[in-house]
Amino acid sequence: MAFGFPRHFNLFATLEIVTPTLNQLSHVKSLTSLAHNTSHTEASNFYSSLIQQCTRTESLRGLGIVQTHMIKSGYMQLSIANRLVDGCLKCGSLSNARKVFDELPERHVVIWNAMISSYIGHKKSKEAIGLYGKMVFDGVLPDEYTFSSVFKAFSGLGLVYEARRAHGLSVVLGLEVANVFVGSALVDMYAKFGRMGDARLVSNRVGEKDVVLFTALIVGYSQHGDDGEALEVFGDMINQGVKANEYTFASILITCGNLEDLTHGKLVHGLVVKSGCEAAVASQTSLLTMYARCGLIDDSLRIFKRFHHPNLVTWTSLIVALVRNGREELALIKFRKMIRDSVVPNSFTLSSVLQACSSLAMMDEGQQIHAMVTKFGLDRHIFAGAALINLYGKCGNTEMARSVFDALIEIDLVSVNSMIYSYAQNGFGHEALQLFDGMKDLRLEPNDVTILSVLLACNNSGLVQQGCQIFSTIRSNHNIELTRDHYACMVDLLGRAGRLEDAEMLIKEVKNPDLVLWRALLSACKLHGQVEMAERALKKVLELAPGDGGSHVLLTNLYASNGNWSQVIDMKSTMREMKFQKNPAMSWVDVDREVHTFMAGDLSHSRSREINETLEKLFEEVQILGYVPDTRFVLQDLDEEKKKRSLYYHSEKLAIAFALLMSSKKNTIIRIFKNLKVCGDCHSWIKFVTRVIGRDIIARDAKRFHHFKDGCCSCRDYW
DNA sequence: GTAGGGTTAG
């Protein structure tokens, strides 16, 4: 058979420089008339050679010209045409490959596979599945290559039904478990769907399981909360003589970390070294994470030092590890170093550093990172978004939290929970309830975190009835498992509202009531002067935690506020005998990223004299406005004047005076922090102070935020 | 000629 093909062009096929050859080829019309006697083999060799050269030089244009020539010359032999598509794919152009592919009169299964796997490699699962469907429709039978790649597209898109149909076809064609590639792709797919039962069924049917299949199974179990089973699978794998590789190590170390199982973690560490996988980045990163999860952050830091050029994931893992271990400041230092090293953070990194800022309530630093989040276009996405909402919530800025929330492209359960929690801790109970009610419209089902946040919101705003109603609805629906935290919140809510009997009844409902519950009751008793129940509660607390100093202090304070000084003395001597250490009250302020700490009556600060002067002046002014020292909050048996004097030097007052001294800017908000609950006298005093200075004061205490403004507090005096 | 598993977040 002859083709419209120029015989002398064979010469060009051997030329090193492809482009000029192709330029001449483009004059195809005149050339085709030159010869008509070329053999099939010659044509095939000619085109193959040209395609090969175009592919090597990544000349897409060249491939296009070859295609045109092939069409015009009437030569479109299957294997060569496939090579043309393959050439486009190798040049990285999926769209060109698809164009050529679509124009082919006939397509071999290999080229279908190449197209499908390229789509998957480019994360275009929809196109891959579309092509798979077209292939089946066209009557081309998928083979083991097709299945081993296409299942990934189904799991990527969450198409369970379609995936099961494809799985069915693979069974019909006898390919399901005959080929370990297909088997492991299926295991991986079902694992990603979270259908571990199906994953295991497929795995059991595969005869010769290899390391990839085992790894897919391990990851599946680990990512769906069954780390114990993941560890079992790893053991089975080793017992069957299948050697773990860097992928397996990376996964199983995460499993050990999740289980906080240092014994197995160290064992695997040994295997990593023995297998010569120490240089593998992913397994080293997992090793770092494993040690951090087991609380050995110094080991994590040591592992990190071994990286010469840590990548983004490694940096992020380190930052996460530090935040998890309470080393927020170091996490921020490492983050800055990462930026200096020109590693671009992603939403994982940014949400972790934002979490660090939240824990430290570092508003300024957090805002700088917010700017960075915006720069990278991540401020409207759920992950960084939720972290920002938490940050602003924890810094007492609910308006900013809300504006981040409102700008989110997508609202998910976690972002709603974060927003409700922000409202809760800042005492905006009604806003929290409104958002909670609005979840139905957003088609979001509340989970245990939602309920805890909304109960906390009711608690912090004194919305007793609403809280009780939500609690009893959840309790009767059984949709959400109520934990001790939920009960503790309710005990606190009822207790603070004075419904002490109801609170005590609720505790009795809990199977094994823990410390937190009885402590909540005890503190409610203290609030309402209920000595008898308080003594009962303390007894329970001490059964559970014989060394609990805090509860002794609570009861002592209750005796003191009732004026039972003899019992106070008894309690104090008991506490001395038992060597209880009272957690001392402490307040602090952050001035120019330096933390200044104050204890009650603490005059050791270098600017103590000026702090004192500021305080004296403030006292004069607030008294003119009507402030009266409330000596009920002095828990020592002193005369009235001494009591008044001792109130002067409460840590929160010292911190505010210092903050005032240090910040001259009139419009800025003063932020202070206290490790215990803010004292009642100080609360009233701060309200007056905001009227004197005309500035807002935000105080974060152990339980919540108090936003003082124009003589009022956001908690409406209920806390 | 084409194929499967891994490390970081609320």
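Computed from a predicted model, the values in this text were never measured in an experiment. Residue numbering restarts at 1 for every chain, and letters A, B, ... go by the order of the sequence lines.
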Once each nucleotide of nucleotides 3-10 of chain B is scored for protein heavy atoms under 4.0 Å, what B/S/- sequence comes out, 5' to 3'?
BBBBBBBB
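For the ring-ring contact (aromatic ring centres under 6.0 Å, His included) condition, no pair includes a residue of residues 197-216 of chain A, sequence neighbours left out.
The ring pair (Phe, Tyr, Trp, His ring centres under 6.0 Å) test applied to Y392(A) returns H370(A), not counting sequence neighbours. For the ring pair (Phe, Tyr, Trp, His ring centres under 6.0 Å) test, residues two or more places apart in sequence or in another chain that qualify with H167(A) are Y190(A). Listed by chain and number, the residues in a ring pair (Phe, Tyr, Trp, His ring centres under 6.0 Å) with F436(A) amount to none (sequence neighbours excluded). When the ring pair (Phe, Tyr, Trp, His ring centres under 6.0 Å) test is applied to F181(A), no partner is found at least two apart in sequence or on another chain.
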